[in-house]
Amino acid sequence: QVKLVESGGDLVQPGGSLRLSCVGRGIILDNYAIGWFRQAPGKEREGISCISYSDQGTYYADTVKGRFAISREPNRVNLQMNNLKPEDTAIYYCATDYFGDCSGSYYLKNPYEYDSWGQGTQVTVSS
């Protein structure tokens, strides 16, 4: 059974950092593009970052560019989040796209490209 597990969410003060991880169970993440999405209460789901299956492409939403960095380890994808702001408060989800690409905003704006999703991890940025 394919399962994605996100971890690393926490309560952090503005300006702080967190590192989220997405781990695959029953799935080899190396064969998948991974997208990170987030959803805040009362707001639509927002694609924030992705990495292609071959690691040749990464992309960031303007809202996180320069503050967040996506990276890959064997069967794990991390999202380093620095200089966090209260508006980053949301549930963060990772999702997979088999042998997918990540060459532009299309892959953040079209979540239906992704076929498996994790349960999410809560990030709260507050003083």
Side-chain angles (χ1 to χ4, degrees):
Q1 181 179 359
V2 173
K3 186 176 180 181
L4 297 177
V5 180
E6 302 96 336
S7 64
D10 205 344
L11 170 64
V12 63
Q13 291 187 346
S17 297
L18 285 175
R19 186 188 193 216
L20 305 185
S21 291
C22 175
V23 175
R25 309 286 189 207
I27 184 174
I28 300 174
L29 285 188
D30 302 358
N31 293 334
Y32 293 79
I34 303 297
W36 280 98
F37 295 78
R38 67 186 181 186
Q39 189 162 19
K43 294 188 176 181
E44 293 187 355
R45 181 170 45 186
E46 177 191 14
I48 57 172
S49 184
C50 61
I51 184 167
S52 68
Y53 88 94
S54 63
D55 292 353
Q56 292 183 3
T58 59
Y59 198 82
Y60 299 92
D62 289 343
T63 51
V64 304
K65 194 176 297 181
R67 299 187 298 122
F68 290 13
I70 193 169
S71 63
R72 190 189 289 273
E73 299 176 26
N75 217 37
R76 176 190 297 264
V77 173
N78 302 311
L79 186 69
Q80 178 67 40
M81 307 189 299
N82 299 324
N83 190 23
L84 283 161
K85 304 175 181 181
E87 51 264 41
D88 294 319
T89 296
I91 300 175
Y92 284 69
Y93 302 89
C94 64
T96 61
D97 179 14
Y98 190 58
F99 285 111
D101 198 2
C102 173
S103 54
S105 61
Y106 172 87
Y107 298 94
L108 299 184
K109 295 179 179 179
N110 292 278
Y112 59 77
E113 287 286 329
Y114 297 84
D115 38 49
S116 293
W117 293 76
Q119 293 299 306
T121 185
Q122 176 71 49
V123 172
T124 303
V125 185
S126 175
S127 55

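Numbering of residues begins at 1 and proceeds along the displayed sequence.
Tyr60 places a side-chain N or O within 3.5 Å of a backbone atom of Ile70 that can act as its donor or acceptor partner. A donor-acceptor pair under 3.5 Å is formed between the side chain of Asn75 and the backbone N or O of Leu29. A side-chain donor-acceptor contact under 3.5 Å links Arg72 to the backbone of Ser52. A donor-acceptor contact shorter than 3.5 Å links the side chain of Arg67 to the backbone of Asn83. The backbone N or O of Tyr59 sits less than 3.5 Å from a side-chain atom of Ser49, completing a donor-acceptor pair.
Expressed to the nearest 0.5 Å, how far CG of Leu11 lies from OG of Ser127 amounts to 9.5 Å. A distance of 6.5 Å separates CD1 in Ile34 from SG in Cys94, rounded to the nearest 0.5 Å. A distance of 11.0 Å separates SG in Cys50 from CG in Leu79, rounded to the nearest 0.5 Å. Atom CD of Glu73 is separated from atom SG of Cys22 by 12.0 Å, given to the nearest 0.5 angstrom. Note that CG of Leu20 is 8.0 Å distant from CZ of Phe68, once rounded to the nearest 0.5 Å.
When all heavy atoms of Ala90 and Ala40 are compared, the pair lying nearest together is CB-N, 3.8 Å. Considering all non-hydrogen atoms of both residues, Lys3 and Ile27 come closest at O-CG2, 4.1 Å. Considering every non-hydrogen atom in both Gly47 and Ala61, the closest pair reads O-CB, 3.5 Å.
For Lys109, the NZ atom sits in a loose shell: 12 or fewer heavy atoms of surrounding residues, nucleotides or ligands are nearer than 6.0 Å. Applying the 6.0 Å contact sphere to CD of Glu87 captures more than 12 heavy atoms from other residues, nucleotides or ligands.
Linking ILVMFWY side-chain heavy atoms closer than 4.5 Å, directly or via other members, places Ile28 and Val77 in two distinct hydrophobic clusters.
Looking at Lys85 and Asp88, no side-chain N of the basic residue comes within less than 4.0 Å of a carboxylate O on the acidic one, giving no salt bridge.
By the 4.5 Å side-chain criterion applied to Ile, Leu, Val, Met, Phe, Trp and Tyr, Tyr107 is assigned to a cluster that also includes Phe37, Ile91, Tyr93, Tyr106, Tyr112, Tyr114, Trp117.
Every pair tested for side-chain hydrogen bond (donor to acceptor under 3.5 Å, both in side chains) that includes a residue from residues 5-16 fails, sequence neighbours excluded, so the list is empty.
Annotation: side chain of Arg38 is in contact with side chain of Thr63 (closest heavy-atom distance under 4.5 Å). Using a 4.5 Å cut-off on side-chain heavy atoms (C-beta onward), Glu46 and Val64 make no contact. Using a 4.5 Å heavy-atom cutoff, the side chains of Ile48 and Leu108 are not in contact.
A donor-acceptor pair shorter than 3.5 Å cannot be found between the side chains of Gln80 and Asn78.
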Apply ring pair (Phe, Tyr, Trp, His ring centres under 6.0 Å) to Tyr53 and Tyr32, showing your working. CA-CA 5 Å; Tyr53 88 94; Tyr32 293 79; 9.3 Å; no

